[in-house]
Amino acid sequence: MTGKTQTPLVELRDISIAFGGIKAVDHVSIDLHPGEVVGLLGHNGAGKSTLIKCLSGAYRKDSGQILINGQPVEINNPRDARAQNIETIYQTLALADNLDASSNLFLGRELIANGLVDDAKMEAETRKIMGRLNPNFRKFNVPVSALSGGQRQSVAIARAVYFNAKILIMDEPTAALGPHETQMVAELIQELKAQGLGIFLIEHDIHNVMKLCDRASVMKNGRLVGTVDVNEVTDDDILGMIILGKKPAKAA
Amino acid sequence: MSDTGQGVQTAAPRRSLFETLEIDARLLGMLAAFAAVAIVFTIWTGGTFVGPRNVFNIAVQTVPVAIMACGMVFVIVARHIDLSVGSVLAMSSAVMAMSQAYWLPSLFGLAYGSPVILVLTMLIGFAVGTAIGALTGWLVGYQGIPSFIVTLGGLFVWRNLNWFTTNGQSVSLTDPNLLMFGGTEGVLGATASWILGLVASAVAVLAILSSRRNKLRHGFTVKPVWAEGVMMALIVGVILFFVGWLSRYPIPEAKLKRMFEARGETMPEGYTAMHGLPISVLILILVAVVMTLVARKMRFGRYIFATGGNPDAAELSGINTRLLTVKIFALMGFLCALAGLIAQARLQSHGNDIGMLEELRVIAATVIGGTALAGGVGTIYGAVLGALIMQSLQSGMAMVGVDTPFQNIIVGLVLVLAVWVDILYRKRLGLTK
């Protein structure tokens, strides 16, 4: 476990956001250290995705503070988040279906040569990174709509990895994947963690949480139920937190 | 083509001729349709249809719609629509007509026919078109009003503001500098056309070679050498044929005499001159090339296609989609003004009804050219070809004496047929879900 005394990589302090009177996130505070995977759990509508979208810039928080390496930052749109090396892999796979893999990987950050988009260079870079992440990937010149769920996911992950993310947000990265591809993502998470990235993982599958995460923060009805060290609790404890909204007595 | 063992990944599968040449099947379909139209009318008219004179006329008549169709591709790819292009054309044209005929001469006391007048006129006209487009884009992008509504409103507003600007009167335009843009009055002549055709051929060959070298440098597979050669030969052939054909269209003797008299000279006996390339067609080619470059090789174009494919993904990738919308419509407005300049120069006047119903022809040309109304898919060359096919049909039907109502009925049917065939084709290939 990483030392809790050092400055967290990310600290979300007292975040609130409401949509038309409904408090989707209600004074929630969580943090993330380098080389750590923090799971975010809760029922549908518990506010996990909404909370994390405040960090990725898709939503603007109503109140609260975001600190990166101890410094307060303003994140008002996805561009701000990218400037802080925050990369997000969305549940809905934010890919443009009509473009090919390399166009998607570099979307918004195209490589430019002589004022023009350098497609050949971008494809070469895409081949390099995909060779590392998913060596079986061959479909470089077709729109991503022609790819399988796993292939699409690896494009989305490659995008996050290529641009040297320090903070990675994964919103149910294995939801659309088969067992083999799920394993691939699990290995990748371990590798990125070893490289010192901090990862927020939104996940429904309790087994994946126990396997991949160091800590787990559970939300219910927009509020934080609690944060626990995964090693110190059982999966039943966590399920109890999700369903009943109660923190187990023994966990710190 | 024979099928060589499916699922064998190591051996490169044999591919069809068109796949090897990397010619888009949709482009092929359009070329076939265009060829069919040309062949039918050539036989029907006993050859007049493909004569240099008619080819010249069709080319010149296609220009305004084709220029606007280039902009419409971007608009539709980004999941918008612009119903106001005909009215914006009229509005820009009205401002340009009034500028050169009344405002500028009286305001600055500039002499009639001074090139300064035309330059200022063009700047004013382009500024008006671009500003109208930017306003539309702001209402759509930043205020969230559907583009269908904004531009439907614009169709009424700009058409009638055009009327108000000219008091509903036609403005006769005789400035020789302006008429250059119209077509028959502004041609390069045979020699210059040939030189330009050869230069264009050389550029096309060099572009293919440099693209191939770039691919090889990164170790990608390239087309076989013979396929590159065939493509080069095809492109160069089309360019030189077009140039050569227009260079065989003589300028009428009476007109040549007038041209000499205007310069205070007398025409030598037996003097002849050919039309060659019209300047308006050159402008269209320039617009199409630049727009293709923007679509394929620049961030602006890439973002338009990404936004059309998945607006949320574009937004989350850090693309400012609102500003993008403003830019797309501003560009559309600029192209409307450019088309307006060419249209008024060709007609040698600005009338109230200039560009009337042009929005429908522009959208039809774009859609026939393979741009999907659902967004994300479309090509510039397709739109230009679409405009050319429609103009050829109309011109051919007029030549063989089809009544006007039937001409319009057939154009309407062709539009629906083109999209229908495209849908059937995509279904058969399993391209649609």
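Heavy-atom basis, side chains included; hydrogens, waters and symmetry copies ignored. A note on names: the letters A, B, ... follow the listed sequences, proteins ahead of strands, and every chain is numbered from 1.
Contact check for A:M184 versus A:S154: side-chain heavy atoms found under the 4.5 Å cut-off.
The most heavy-atom pairs under 4.5 Å with chain B, out of A:T88, A:D80, A:I112, come from A:I112. Counting heavy-atom pairs under 4.5 Å between each of B:G318, B:G308, B:S211, B:A314 and chain A puts B:G318 at the top.
Within a 6.0 Å radius of CZ in A:R60, other residues, nucleotides and ligands contribute 12 heavy atoms or fewer.
When atom types are taken as modelled, the side chain of A:K193 and the backbone of A:V37 share no donor-acceptor pair closer than 3.5 angstrom. A:N98 contributes a side-chain N or O that, together with a main-chain N or O of B:G376, makes up a donor-acceptor pair within less than 3.5 Å.
B:D312 does not touch chain A: none of its heavy atoms, backbone or side chain, sits under 4.5 Å away. Both the backbone and the side chain of A:D119 come within contact range of chain B, with heavy atoms under 4.5 Å apart. Interface residue A:L99: only side-chain heavy atoms are found under 4.5 Å from chain B.
At a heavy-atom cut-off of under 4.5 Å, chain A is reached by B:R296, B:K297, B:M298, B:R299, B:R302, B:Y303, B:F305, B:A306 from residues 296-307 of chain B, listed in order of number.
Taking OG1 of B:T151 as the start and CG of B:D82 as the end, the distance is 5.0 Å to the nearest 0.5 Å.
When each of B:F126, B:F329, B:F74 is tested with B:F334 by the rule ring-ring contact (aromatic ring centres under 6.0 Å, His included), just one qualifies, namely B:F126.
In this structure, A:I75 and A:S56 approach most closely via the heavy-atom pair CG2-C, 4.5 Å.
Contacts classified as salt bridge (Lys or Arg N to Asp or Glu O under 4.0 Å) and involving residues 122-131 of chain A (residues at least two apart or in different chains) are given here: A:E123-A:R127, A:E125-A:K128.
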